[in-house]
**Student:** 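Can you read through this structure? Questions will come right after.
Order of the sequence lines fixes the chain letters, A, B, ..., with proteins taken first and strands second; residue numbering starts at 1 for each chain. Reckoned from all heavy atoms, side chains included, excluding hydrogens, waters and symmetry mates.
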Amino acid sequence: MCLGIELYKKMYLIRKTEETIIKYYPEDEMKTPMHMSMGEEAIVAGVCQSLSHDDQVFGTYRSHALFLAKTGDVCDFFAEMYGKDTARLKGKGGSMHMCAPMSGFMGSSAIVASSIPVALGAAYANKRAGNNKIVATFFGDGATDEGVFWESMNIACLMKIPIIFICEDNEFAVHTPGTERRGYSSLPDIIAKFNCNVLKGVATDVEEIYQTTMEGINLMRKNQMPVFLHFKYYRYLEHVGIFEDFDAGYREKEEFLKWQSIDPVSRQRSNLLSNGYDEKEIENLENEIDLMIKTSIMKAKLSPFCDAEELFREVCR
Amino acid sequence: MCLGIELYKKMYLIRKTEETIIKYYPEDEMKTPMHMSMGEEAIVAGVCQSLSHDDQVFGTYRSHALFLAKTGDVCDFFAEMYGKDTARLKGKGGSMHMCAPMSGFMGSSAIVASSIPVALGAAYANKRAGNNKIVATFFGDGATDEGVFWESMNIACLMKIPIIFICEDNEFAVHTPGTERRGYSSLPDIIAKFNCNVLKGVATDVEEIYQTTMEGINLMRKNQMPVFLHFKYYRYLEHVGIFEDFDAGYREKEEFLKWQSIDPVSRQRSNLLSNGYDEKEIENLENEIDLMIKTSIMKAKLSPFCDAEELFREVCR
Amino acid sequence: MRQITYCDAINEAMLQEMERDPQIFVYGLGVPDHKRIFGSTKGLVEIFGKDRCFDMPLSEDAMSGFGLGAAINGMKPVYIHIRADFLLLCMNQLANMISSYRYSSNGMLKAPMVIRVIMGRGWGQGHQHSKSLYSMFSHIPGLKVVLPTTPYDAKGLLISAIRDEDPVLVFEHRWLYWQTGEVPEKSYTIPFGQPNVLRTGKDITIVATSWMNVESVKAADILEKRGISVEIIDPRTIAPFNVEPIINSVNKTGHCIVADNDWVEYGFSAEAAALIYSKCMGNLKSPIARIGFAFTPCPTARHLENAFYPNAINIIRCIEEKLDLSPTDLTGEDFYSHENRFKGPF
Amino acid sequence: MRQITYCDAINEAMLQEMERDPQIFVYGLGVPDHKRIFGSTKGLVEIFGKDRCFDMPLSEDAMSGFGLGAAINGMKPVYIHIRADFLLLCMNQLANMISSYRYSSNGMLKAPMVIRVIMGRGWGQGHQHSKSLYSMFSHIPGLKVVLPTTPYDAKGLLISAIRDEDPVLVFEHRWLYWQTGEVPEKSYTIPFGQPNVLRTGKDITIVATSWMNVESVKAADILEKRGISVEIIDPRTIAPFNVEPIINSVNKTGHCIVADNDWVEYGFSAEAAALIYSKCMGNLKSPIARIGFAFTPCPTARHLENAFYPNAINIIRCIEEKLDLSPTDLTGEDFYSHENRFKGPF
Ligand SMILES: Cc1ncc(C[n+]2csc(CCOP(=O)(O)OP(=O)(O)O)c2C)c(N)n1
Ligand SMILES: Cc1ncc(C[n+]2csc(CCOP(=O)(O)OP(=O)(O)O)c2C)c(N)n1
Ligand SMILES: [Mg+2]
Ligand SMILES: [Mg+2]
């Protein structure tokens with residue numbers, strides 16, 4: 001029960017934060033391209049719940065959800081979206097390059113698949129340090145087209161590196177469907193031929209995702225082979241930006257409606273209720289989160305920009 | 001029978017040419033790094049025999065055998081090894097970058113795996129031209145570690161490109177064995193999960209290799225899926241250079257002796273004999289080839305170098 | 001003459017060339033999708049079909065080799081990258097293979113391939129979506145590098161690139177897509193190695209690349225009101241780079257600024273300055289100024305971006321310094337900004 | 001003082017540093033095999049074990065990211081490439097990731113990674129095993145680029161590179177491996193940005209990189225007999241590049257040659273010349289000469305290789321032209337060649 005509510009809180013925070021982005025983005029003050037996570041919440045919530053605070057994650061340009069699930073730091077999040085001095089990155093990163101190493105969020109990259117080998121190296125360092133930390137690296141189905149994904153899988157499996165690969169498969173790379181990008185029928189079936197633990201699922205049941213991940217971690221602790229998780233989900237909004245794009249012609253609204261009917265956030269809320277959780281209590285938690293988001297965005301708006309000299313800091317030469 | 005002798009002639013030419021290199025290399029006039037093919041003859045002979053003259057091949061820095069099997073042009077071969085004006089490349093290519101497009105030898109590259117996608121594009125052009133040409137791209141087991149190999153497999157299978165991938169697996173990348181490079185147990189098993197035709201074999205029986213390749217080509221003509229051939233063989237000499245290196249410690253001479261006992265060239269010779277071929281006739285053919293090689297190398301030695309201005313030809317700007 | 005946008009000029013070049021030569025095909029990530037590479041590939045898939053205009057898996061390295069292979073087998077691939085940064089995934093094929101295939105085959109095979117690359121200032125795009133990189137390719141023998149500035153150049157240079165027998169990289173600045181200019185309807189080519197004098201003047205020479213020409217023209221417009229006459233020369237192709245007309249200009253004006261749409265260090269501005277100095281030594285009245293990006297990764301916050309990118313104001317201040325002028329009062333001047341038409345990623 | 005080879009100096013730096021800091025590990029293709037990267041990694045696997053000195057699958061792209069990941073988690077990776085050309089497979093990680101990780105994390109994470117790269121003239125190695133490429137990396141903010149020439153520099157600069165908190169690429173010329181020189185046994189560092197005056201002189205300044213210093217010294221030796229006094233300055237690090245001592249020298253001698261171990265076009269010689277000109281304009285008695293590779297892919301036949309690579313003779317002829325000297329009679333001079341020690345691939 002406690003677990004269920006923790007998972008719900010993570011997802012609710014993500015969903016509401018993004019709804020807040022949608023509300024404020026048209027003001028044109030968050031000048032950074034938004035690749036929205038909506039629809040994906042259960043994956044990051046489930047996986048991050050199975051990780052400890054010191055475990056490390058790596059993400060992509062679509063990492064709002066991952067950042068919030070791992071760090072919970074919506075205050076820093078909005079400060080960075082507004083490019084303000086109060087953000088840890090002071091506007092050097094933006095939506096696509098978030099970073100919070102103290103909470104295990106080790107970075108996200110806007111070059112598809114490029115953080116996969118970096119995650120691998122970080123996990124190797126953990127293995128060498130013997131600190132038992134796990135690294136989880138998140139990427140889309142498009143990333144698996146890139147050679148470096150295969151190189152990294154091979155190295156991880158060869159060197160028995162403590163890493164979880166999470167493929168968040170929304171069937172699209174921008175507007176190109178998997179059927180136009182894959183010369184095979186099942187990725188997990190291929191990966192299963194590598195020396196690793198492959199698990200899969202459909203990603204709107206957050207508790208199931210949590211369980212699947214825990215199972216993967218247990219296998220890894222036992223056989224020292226990396227974990228590959230493959231989850232299908234549906235991207236609610238356009239590739240980049242805050243709008244729907246069902247009129248663009250490359251996908252059908254019906255598909256969305258089907259997925260929306262098993263929306264991860266409302267699904268978990270219903271679960272909680274049917275498991276006897278008190279709706280009032282849920283609403284209280286929701287209100288707390290709403291308030292936190294509201295405060296964060298207001299603080300971000302009111303904060304100053306850093307001085308322009310910051311441009312030259314943290315680069316050598 | 002005629003086939004058997006054709007195959008033998010190809011292999012004998014390759015073997016004798018390389019033996020001739022070994023003889024003359026210490027004179028220090030062939031100033032180009034030699035990655036010798038010895039041990040691999042059956043693969044290229046068998047595959048090239050199943051191709052027509054207009055079909056196209058791409059190779060690696062280890063392509064003496066492939067060049068000779070596809071073009072038979074030992075005269076051009078030696079002229080280029082000596083860097084002479086009479087070579088088509090006039091000393092711009094050397095051992096690692098041979099090229100004879102008129103005979104379907106489309107180039108070889110010294111960057112591991114880098115000609116695989118080039119072969120893919122060439123095959124795509126053939127498909128679009130509807131000319132029925134097949135492209136065969138040869139590479140070592142080390143090349144399959146590279147991401148671009150996986151990218152190319154995927155694209156070929158997706159786009160149904162008329163191409164044969166030939167992995168010549170000698171278990172080593174320079175001095176590093178497969179066991180220290182692979183996070184999986186069987187490459188063909190993985191590739192079989194792609195939409196392609198996978199066939200494999202041990203590569204000292206040239207007729208079997210020819211049959212296997214023909215089978216692959218027939219499958220491809222039927223189902224339009226690319227072919228992946230996986231052949232194991234043994235590299236007789238050091239990675240680069242003309243010597244044995246069993247004293248280096250990374251592999252055992254016993255292994256070599258095992259393979260030598262099924263040496264592709266002598267095996268095929270015995271086959272011919274036991275199939276009733278007349279030894280005298282074989283010797284005649286051998287002598288012809290010996291003479292051709294001898295003439296070629298002498299011509300090469302006597303030929304002039306091109307003028308130094310050639311340096312600036314065939315490069316834009 | 002007819003005025004069209006830079007984007008439409010590119011599109012027209014593609015259309016006319018694909019019409020002319022059935023061996024041309026265009027490919028790259030998102031090339032046929034509904035966004036059509038900011039509109040520059042519109043109509044191609046409808047007219048020429050999926051065989052000649054297609055998408056691919058995300059495999060930049062293999063896609064580069066793929067183009068090379070098609071090119072040596074007689075086709076004319078046009079490979080499009082929506083960001084220059086993605087070229088970094090293609091470097092092996094570009095600099096180890098494509099650049100040298102003709103040479104290493106001693107001319108038996110050629111690689112007539114075009115790589116269209118969009119670069120340009122984003123909107124908080126950050127350090128991985130903002131590089132220019134063209135000077136790197138100019139360092140590699142066997143590659144040609146083209147930087148069209150005007151709609152006229154965009155069409156003519158792209159057609160020349162497609163007809164060239166060697167590999168050509170064409171770098172298009174995203175902000176230029178909206179620029180309009182006179183463009184003939186019929187097909188035409190512009191030879192490589194012919195700089196374009198955008199404006200004649202006698203007091204100072206600006207050598208500008210790509211978008212920096214727009215900034216330079218703005219700066220020149222403003223200073224013209226004070227009687228300063230600025231000559232602006234766009235090399236248009238930096239490999240080959242024909243420095244002669246620039247040398248003549250600098251020998252005339254005695255002052256030179258190289259305004260490059262890239263980092264200054266080890267970039268185009270270094271090569272240009274080195275060549276100009278070598279031929280203008282006695283005539284230069286001041287050292288050549290080199291203007292470009294701040295030497296840092298590109299940040300995302302707007303005020304940091306503004307500090308990162310050079311613009312007309314930097315050019316004006318630089319000219320003032322060289323010509324020993326008092327600072328121009330810039331209040332009321334309307335500087336170029338995409339704030340109002342440009343929201344979200346480029 | 002003790003004389004050792006450049007190769008042994010590198011090896012000693014690796015040994016001493018790995019001894020000092022257990023976070024250092026060294027990896028790359030062939031690093032622990034019996035050839036030991038031309039001997040430069042000898043002893044490492046025996047002393048520090050397979051955990052700290054290891055081979056990998058052929059996956060240069062992933063291996064680069066791997067080093068970055070280990071670095072941001074507190075380790076000190078040293079990644080070795082046996083040929084500079086292979087860096088082209090690593091460009092995405094190098095220029096999109098490694099160079100900017102510190103910046104984009106606003107300093108919360110650092111990437112103290114060393115990339116050792118062997119370049120150099122081969123023996124018919126051809127166009128894919130002969131590139132230098134260092135100027136490309138100098139164009140990318142966030143990367144440091146080091147070019148040791150002497151055994152003393154090889155040790156000191158590599159130790160500095162390893163202790164640096166930022167990513168550093170160290171380019172070692174294969175032919176230098178056999179050079180001997182005085183090298184202290186104890187550990188020492190050489191700060192980046194300190195050019196080394198290899199020879200003082202008053203008639204002309206040569207700025208030379210890597211192997212070109214050896215050719216320059218040879219040229220200077222020969223001309224000294226005619227009373228010509230050549231100053232040779234080795235920048236040692238080209239990113240950061242400290243041009244001040246060079247400027248002082250050129251202002252003194254009035255003539256300058258930049259002899260770079262790379263293509264001239266858009267390379268180090270462009271940046272160096274542009275900077276020197278800007279500060280020496282009035283004092284230069286002739287334009288700066290830039291000497292480097294022929295602007296072609298590298299061919300394999302020896303006589304074409306000889307035409308491709310510049311050497312002491314080119315430098316001598318260039319100096320004669322600048323100083324208006326008659327051609328020196330070079331008969332009987334013994335020019336550097338590896339013909340006799342160097343057979344087969346480098
Ligand atoms: C190497 C590279 N190529 C192309 C792009 C442009 N691009 C950005 S996102 C994207 C699609 C990625 O799809 P996927 O990995 O499935 O992630 P999703 O957006 O679906 O989360 C592409 C092609 C890029 N950023 N990096
Ligand atoms: C991309 C790249 N990385 C490294 C090298 C150095 N190298 C040359 S051959 C080779 C091993 C290749 O092994 P394999 O593909 O099995 O071919 P084989 O030599 O066994 O025929 C390596 C690592 C290279 N040439 N290219
Ligand atoms: Mg996707
Ligand atoms: Mg092998």
**Student:** Counting heavy-atom pairs under 4.5 Å with chain C, which one of A308(A), G147(A), G249(A), C306(A) comes out on top?
**Tutor:**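 The option with the most such pairs is C306(A).
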
**Student:** With a 4.5 angstrom heavy-atom cut-off, is it the side chain or the backbone of F86(C) that approaches chain A, or both, or neither?
**Tutor:**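 F86(C) touches chain A through side-chain heavy atoms alone.
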
**Student:** For G83(A) and A301(C), which heavy atoms make the closest approach, and how far apart are they?
**Tutor:** O-CB, 3.7 Å

**Student:** Heavy-atom distances under 4.5 Å only: say whether M30(A) touches chain C with side chain, backbone, both or neither.
**Tutor:**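 When you check distances to chain C, only backbone atoms of M30(A) fall under 4.5 Å.
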
**Student:** Would you say the side-chain atoms of S59(C) pair up with the backbone N or O of D145(A), donor to acceptor, closer than 3.5 Å?
**Tutor:**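 Yes, because the side chain of S59(C) sits within donor-acceptor range (under 3.5 Å) of the backbone of D145(A).
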
**Student:** Find the one option among A110(A), G94(A), A87(A) whose heavy-atom pairs under 4.5 Å with chain C are most numerous.
**Tutor:**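 Counting heavy-atom pairs under 4.5 Å, the top option is A110(A).
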
**Student:** Would you mind checking which part of E80(A) comes under 4.5 Å of any heavy atom in chain C, side chain (CB onward), backbone (N, CA, C, O), both or neither?
**Tutor:** side chain

**Student:** Can you check whether D28(A) reaches W123(C) side chain to side chain, under 4.5 Å on heavy atoms?
**Tutor:** yes

**Student:** Is there side-chain contact between H239(A) and K35(C), with heavy atoms separated by less than 4.5 Å?
**Tutor:** no

**Student:** Quick one about S109(A) and Q128(C) (side-chain donor to acceptor, distance below 3.5 Å, no hydrogens or angles considered), yes or no?
**Tutor:** yes

**Student:** Top residue by heavy-atom pair count (under 4.5 Å) with chain C, among M96(A), H175(A), E314(A)?
**Tutor:** H175(A)

**Student:** Going by the side chain to side chain contact (heavy atoms under 4.5 Å, CB included) test, name the single residue among D33(C), L29(C), D55(C) that passes it with T176(A).
**Tutor:** D55(C)

**Student:** For E60(C), is it the side chain, the backbone, both or neither that has a heavy atom under 4.5 Å from a heavy atom of chain A?
**Tutor:** both

**Student:** Side chain, backbone, both or neither: which part of K90(A) has a heavy atom under 4.5 Å from chain C?
**Tutor:** backbone

**Student:** Provide the closest heavy-atom pair for G142(A) versus L58(C) in the form atom of the first, atom of the second, distance.
**Tutor:** O-CB, 3.8 Å

**Student:** Please check if atom CD in E46(C) has more than 12 non-hydrogen atoms from other residues, nucleotides or ligands closer than 6.0 Å.
**Tutor:**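 Counting neighbours around CD of E46(C), more than 12 heavy atoms of other residues, nucleotides or ligands fall under 6.0 Å, so yes.
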
**Student:** Grab the two heavy atoms, one from T32(A) and one from G124(C), that are nearest each other, plus how far apart they are.
**Tutor:**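 Minimum heavy-atom contact is OG1-O, 3.8 Å.
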
**Student:** Classify the angle between the aromatic ring planes of H303(C) and F305(A) as parallel (below 30°), tilted (30 to 60°) or perpendicular (above 60°).
**Tutor:**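 Tilted, since the angle between the ring planes falls between 30° and 60°.
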
**Student:** Tell me if a side-chain donor or acceptor on T296(C) pairs with a main-chain N or O of F312(A) at a distance below 3.5 Å.
**Tutor:** no

**Student:** L304(C) and G91(A): which non-hydrogen atoms are nearest, and at how many Å?
**Tutor:** CD1-O, 4.1 Å

**Student:** Side chain from CB out, backbone as N, CA, C, O: work out which of these in L89(C) comes under 4.5 Å of a heavy atom of chain A, or both, or neither.
**Tutor:**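 Only the side chain of L89(C) comes within 4.5 Å of chain A.
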
**Student:** Count the heavy atoms belonging to other residues, nucleotides or ligands that lie under 6.0 Å from CD of E321(C), then report whether that count exceeds 12.
**Tutor:** no

**Student:** Could you report the tightest heavy-atom contact between M56(C) and R181(A), atom names first, then the distance?
**Tutor:**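 In terms of heavy atoms, the two residues are closest at O-CG, 4.1 Å.
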
**Student:** Count the heavy atoms of every other residue, nucleotide or ligand shown that sit under 6.0 Å from NZ of K232(A), and state whether that count exceeds 12.
**Tutor:** yes

**Student:** Answer whether the closest heavy-atom distance between the side chains of K92(A) and T300(C) falls below 4.5 Å.
**Tutor:** no

**Student:** Between P33(A) and Q125(C), which heavy-atom pair has the shortest distance, and what is it?
**Tutor:**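 Closest approach of P33(A) to Q125(C): CG-OE1, 3.8 Å.
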
**Student:** Count the heavy-atom pairs under 4.5 Å between each of G178(A), A143(A), G93(A) and chain C, then report the option with the highest count.
**Tutor:**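 Among the listed options, the one with the most contacts to chain C is G93(A).
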
